[in-house]
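The structure under discussion appears below in the form of structure tokens.
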Amino acid sequence: MLKSREELEGVLGGAARAWLHEALAEAAHDAAAGRTGGAPDSGRYAAPPWELRYAAAGRHCGLEHADSVRSLLLTEARAGLPSVTRLYEQGTAAERRAVLLTLHRLALGALALPLVEDALRTNDTRLVAAAVGPYAAEHLDPHGWRHAVLKCLFTEVPVDSVAGLGRRARGDAELARMLGDFAAERTAAGRPVPADLRTVLALAQATAPGPCAPAAPTEES
């Protein structure tokens, strides 16, 4: 779970707190200047200081806090699509994960979907789990979202990672069909059917609530 700035300041040592303050001040300066990560008119691009700090977050604040620090940098800078794309494409797996975890906090609309789709093509469970968060729940189309759920099952990422699972899976007959096919393939190959598949299948086979009927409470991931 991502920590807030206040939570980070409560656990970081003095040197790390000072580094965080400087990094966030640089990000806020870029945002105030209206720079959101696009290349200048000359076509040449010099990375702003906060982007350089993004990669160094783990070294200065600890690996256990790196996701939270990087997320704060992105939001404080009001990072635009060029920045998040560059940081994702040029970053390590940990740096890519932080981008994915933060997409829903940035004003990007559906423009960052290619990053989610790229993460879902990998077999890196850290990236897959980060890719199926709130941004995917809001912006992935039904076809892409169903395949994202299957990717979680295939890579053994817990479906608790899938944001909006109860809302999007309920009454989805096509998802139920795909899950049934997947279960049949696993059984035919002599492999166990994941318990999570049964959980999602039960949702997909449930009757979607009518327009006048109150929806049954479900746990959102």
Side-chain angles (χ1 to χ4, degrees), residues 1-13 15-28 30-31 36-37 48-81 83-113 115-120 122 124-140 145 148 151-152 155 157-168 219-221:
M1 180 180 294
L2 296 176
K3 298 181 180 67
S4 67
R5 179 172 182 167
E6 291 74 19
E7 289 170 330
L8 281 172
E9 290 180 344
V11 296
L12 293 177
R17 280 199 307 274
W19 185 92
L20 177 64
H21 291 170
E22 291 174 2
L24 293 179
E26 289 167 352
D30 249 38
T36 58
W50 75 266
E51 283 195 23
L52 301 178
R53 301 247 192 192
Y54 184 90
R59 185 166 68 253
H60 288 277
C61 297
L63 295 178
E64 69 274 27
H65 304 306
D67 280 345
S68 298
V69 172
R70 289 172 177 143
S71 182
L72 284 173
L73 283 171
L74 289 167
T75 53
E76 195 71 23
R78 296 180 224 155
L81 185 65
S83 267
V84 297
T85 301
R86 182 167 48 250
L87 291 170
Y88 180 89
E89 291 180 346
Q90 298 178 4
T92 63
E95 291 161 27
R96 291 183 173 200
R97 182 180 64 245
V99 168
L100 295 166
L101 291 172
T102 312
L103 289 178
H104 67 290
R105 299 183 175 183
L106 304 172
L108 298 172
L111 295 176
L113 274 177
L115 305 185
V116 171
E117 292 163 352
D118 178 83
L120 290 172
T122 75
D124 187 325
T125 55
R126 298 169 300 172
L127 295 184
V128 173
V132 293
Y135 185 83
E138 181 176 356
H139 294 293
L140 272 179
W145 187 82
K151 183 72 174 193
C152 288
T155 57
V157 168
V159 295
D160 286 350
S161 303
V162 182
L165 179 65
R167 171 177 59 84
R168 293 204 61 168
E219 289 188 7
E220 295 288 331
S221 298

Separation of Ser68 OG from Arg5 CZ (nearest 0.5 Å): 13.5 Å
Check: Leu87 and Glu51 side chains under 4.5 Å, non-hydrogen atoms: yes
Lys151 side-chain N/O to Val157 backbone N/O, donor-acceptor pair under 3.5 Å: no
Heavy-atom closest contact (Asp30 atom, Pro48 atom, distance): OD2-CB, 3.3 Å
Beyond-backbone contact of Cys61 with Leu8, side-chain heavy atoms, under 4.5 angstrom: no
Least distance between heavy atoms, Ala131 atom then Ala136 atom: O-CB, 3.1 Å
Test log, rule side chain to side chain contact (heavy atoms under 4.5 Å, CB included), inputs Val116 and His139: CA-CA 10 Å; Val116 171; His139 294 293; over 6 Å; no
Heavy-atom pair of closest approach, residues Leu73 and Ala23: CD2-O, 3.5 Å
Minimum-distance pair of heavy atoms, taken over all atoms of Ala119 and Tyr88: N-OH, 3.3 Å
For the student: nearest non-hydrogen atoms of Ala163 and Pro134, plus distance: CB-N, 3.5 Å
Minimum side-chain heavy-atom gap Arg97-Asp67 below 4.5 Å: yes
Arg96 bridged to Asp118 by N-O distance under 4.0 Å: yes
Note, Tyr54 side chain near Ser83 side chain (heavy atom, < 4.5 Å): no
Heavy-atom side-chain contact between Glu9 and His21 under 4.5 Å: yes
Euclidean distance, His65 NE2 relative to Leu72 CG, rounded to 0.5 Å: 12.0 Å
Heavy-atom check, side chain of Trp145 versus side chain of Val162, under 4.5 Å: yes
Side-chain (Arg168) to main-chain (Ala137) donor-acceptor, under 3.5 angstrom: yes
Side-chain heavy-atom pair Glu26, Arg53 within 4.5 angstrom cut-off: yes
Minimal non-hydrogen separation, Leu140 against Ala148, with atom names: CD1-CB, 4.1 Å
Leu20 backbone acceptor or donor facing His60 side chain under 3.5 Å: no
Nearest-0.5 Å distance, CG of residue Leu115 to OG1 of residue Thr85: 4.5 Å
Backbone N/O of Ala129 and side chain of Ser161: donor-acceptor pair under 3.5 Å: no
Residue pair Leu120, Val132: steps toward the side chain to side chain contact (heavy atoms under 4.5 Å, CB included) verdict: CA-CA 8 Å; Leu120 290 172; Val132 293; 4.0 Å; yes
Student check: side-chain heavy atoms of Tyr135 and Thr102 closer than 4.5 Å: no
Between OG1 on residue Thr75 and CG on residue Leu24, distance to nearest 0.5 Å: 8.0 Å
Reported CZ-to-OG1 distance for the pair Arg126 and Thr155, which is rounded to 0.5 angstrom: 13.0 Å
